[in-house]
Each structure stands twice: as structure tokens, then as C-alpha cells.
Amino acid sequence: MARCPRRRRTAPGPFLRRIDRHGNIGAKAAGRPTRDPQRRGGITADTVKAAARAAGLTPAPTPEERAAARARHEAYATAETAATAEEASAVLKAWRTTRRAARASVRRITGHSMRRGCIQAMLDAGHPPEVVALHSRHSLRSTAFDAYRKKKITWDQNPTLVLRLAA
């Protein structure tokens with residue numbers, strides 16, 4: 001008796017797909033056709049941001065953040081009229097620094113939050129960092145992966161526990 005080749009269990013397309021309250025999946029749930037047929041109604045970064053905003057998970061922009069956003073056109077106009085490239089670069093760098101400072105105080109939820117959250121959840125569940133890095137397709141020596149890891153360890157993870165020195 002010949003064995004059948006293993007059937008594919010998932011359909012091609014995005015891992016996470018839109019679904020609406022009526023059970024429509026993909027582009028039909030989005031209410032519009034997708035520009036890229038390969039996407040087939042997948043969840044985008046904008047979808048995640050909008051859902052976080054709708055759920056009240058992200059606060060409204062601060063007055064400082066709004067001011068920094070409005071200052072963008074002024075910074076670019078000033079940079080265009082600068083005498084040298086170094087002056088133009090300095091103007092844009094000052095604007096970017098101001099914008100980053102204003103945005104740093106606001107909690108952000110983006111499409112990347114799902115990736116970071118998944119990695120942190122796997123690490124918190126006790127999976128070895130090497131396995132999690134391979135699963136998330138990071139190099140084992142990746143500095144980007146290290147940025148996802150929480151830098152603090154809990155007391156039950158303390159490597160000196162085996163020495164039985166703690167009270």
C-alpha cells in the first residue's frame with residue numbers, strides 16, 4: 001500500500017488574516033480588495049495601530065508630539081535654504097531629536113509589537129533563548145534579538161541558586 005504524500009494543512013498567504021464579526025475572512029472582511037494579491041487580506045501594521053487606538057491602548061498624541069510633527073515642514077524648508085550640507089544636516093538632526101524626545105514618552109503599539117511580544121512570551125515561558133532566536137529567524141549573535149530580551153532576571157532564574165548561598 002503506497003503512502004500518500006503529506007497534505008499541506010495551511011493555505012498560502014499571510015499568517016494572520018482579518019476576520020470580521022460576520023465570519024468573513026481576508027479581503028472580504030476588510031471590505032475592500034487588496035492591492036497585492038499575495039496578501040489576501042492579511043493584518044498590516046496599520047491594522048494593528050488602528051485596533052490599539054480603538055481599544056484605547058494608546059493615548060492621544062501629546063501637545064509636544066503634535067508641535068514636533070508640525071515643525072517638520074519648517075525644518076525641511078530651513079534645511080533647503082541652508083548654506084552648506086552640514087548646516088542642513090544639523091537642522092534636520094535637531095528636529096529629529098526633538099521629535100524622538102516627544103514620542104519617547106508615549107506608549108506605542110505597532111505591527112512590530114506582535115513580534116516583540118511573541119518573543120518575550122516565549123522567553124518568559126522558559127524556552128531557551130537560542131531556540132527562540134532560531135524560531136524568530138534571528139542570528140544567534142543578533143544584537144536585535146538581545147534588544148527584545150528583558151534585561152532583568154527573576155530570582156528563580158538566578159544562576160547562584162545552585163550554590164545554595166541565598167537564605
Side-chain angles (χ1 to χ4, degrees), residues 8-18 34-36 38-76 78-80 82 84-166:
R8 215 176 160 164
R9 293 180 187 218
T10 58
F15 173 65
L16 298 172
R17 299 179 186 190
R18 293 175 188 253
T34 57
R35 289 183 213 145
D36 181 3
Q38 294 291 340
R39 309 261 340 251
R40 294 193 179 109
I43 295 174
T44 65
D46 291 336
T47 308
V48 174
K49 288 179 194 177
R53 242 183 274 115
L57 298 175
T58 55
T62 63
E64 294 82 15
E65 191 175 12
R66 286 193 184 115
R70 285 191 301 267
R72 177 178 188 252
H73 299 295
E74 184 180 319
Y76 276 93
T78 305
E80 282 188 20
T84 65
E86 289 81 19
E87 288 177 18
S89 179
V91 167
L92 293 176
K93 183 178 179 181
W95 169 73
R96 285 188 200 104
T97 303
T98 304
R99 183 185 64 176
R100 278 190 199 110
R103 294 184 72 178
S105 63
V106 179
R107 181 178 174 197
R108 302 263 174 244
I109 295 181
T110 66
H112 198 77
S113 301
M114 294 174 71
R115 177 177 173 85
R116 181 182 192 109
C118 180
I119 290 170
Q120 288 178 345
M122 286 188 282
L123 291 169
D124 289 347
H127 297 287
E130 300 80 21
V131 174
V132 175
L134 288 172
H135 176 76
S136 63
R137 299 189 182 189
H138 283 92
S139 163
L140 294 178
R141 289 176 264 146
S142 169
T143 55
F145 180 75
D146 288 339
Y148 293 137
R149 297 171 68 180
K150 295 176 183 171
K151 300 300 179 188
K152 296 179 181 178
I153 60 170
T154 60
W155 279 108
D156 62 334
Q157 295 172 329
N158 190 327
T160 61
L161 287 177
V162 298
L163 301 175
R164 300 181 190 266
L165 296 175

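Small disclaimer: the values here were computed from a predicted structure and weren't measured.
The shortest heavy-atom contact between Ser139 and Ala133 is O-CB, 4.4 Å. The two residues Ala102 and Ala68 have their closest heavy-atom pair at CB-CB, 4.5 Å. Contact between Val91 and Ala75 at its shortest, heavy atoms only, is CG1-O, 3.5 Å. Minimum heavy-atom separation, Pro129 to Phe145: O-CZ, 3.6 Å.
The line from CD of Glu86 to OG of Ser89 is 8.0 Å long, rounded to the nearest 0.5 Å. Residue Thr98 holds its OG1 atom at 14.5 Å from CZ of Arg72, rounded to the nearest 0.5 Å. Rounding to the nearest 0.5 Å gives a distance of 12.0 Å between CD1 of Ile119 and CG of Asp124. Once rounded to the nearest 0.5 Å, the distance linking CZ of Arg115 with NE2 of His138 reads 4.0 Å. With rounding to the nearest 0.5 angstrom, the CZ atom of Arg99 is 7.5 Å from the CZ atom of Arg96.
Enclosure of atom CD in Glu74 is not indicated, since only 12 or fewer non-hydrogen atoms of other residues, nucleotides or ligands lie within 6.0 angstrom.
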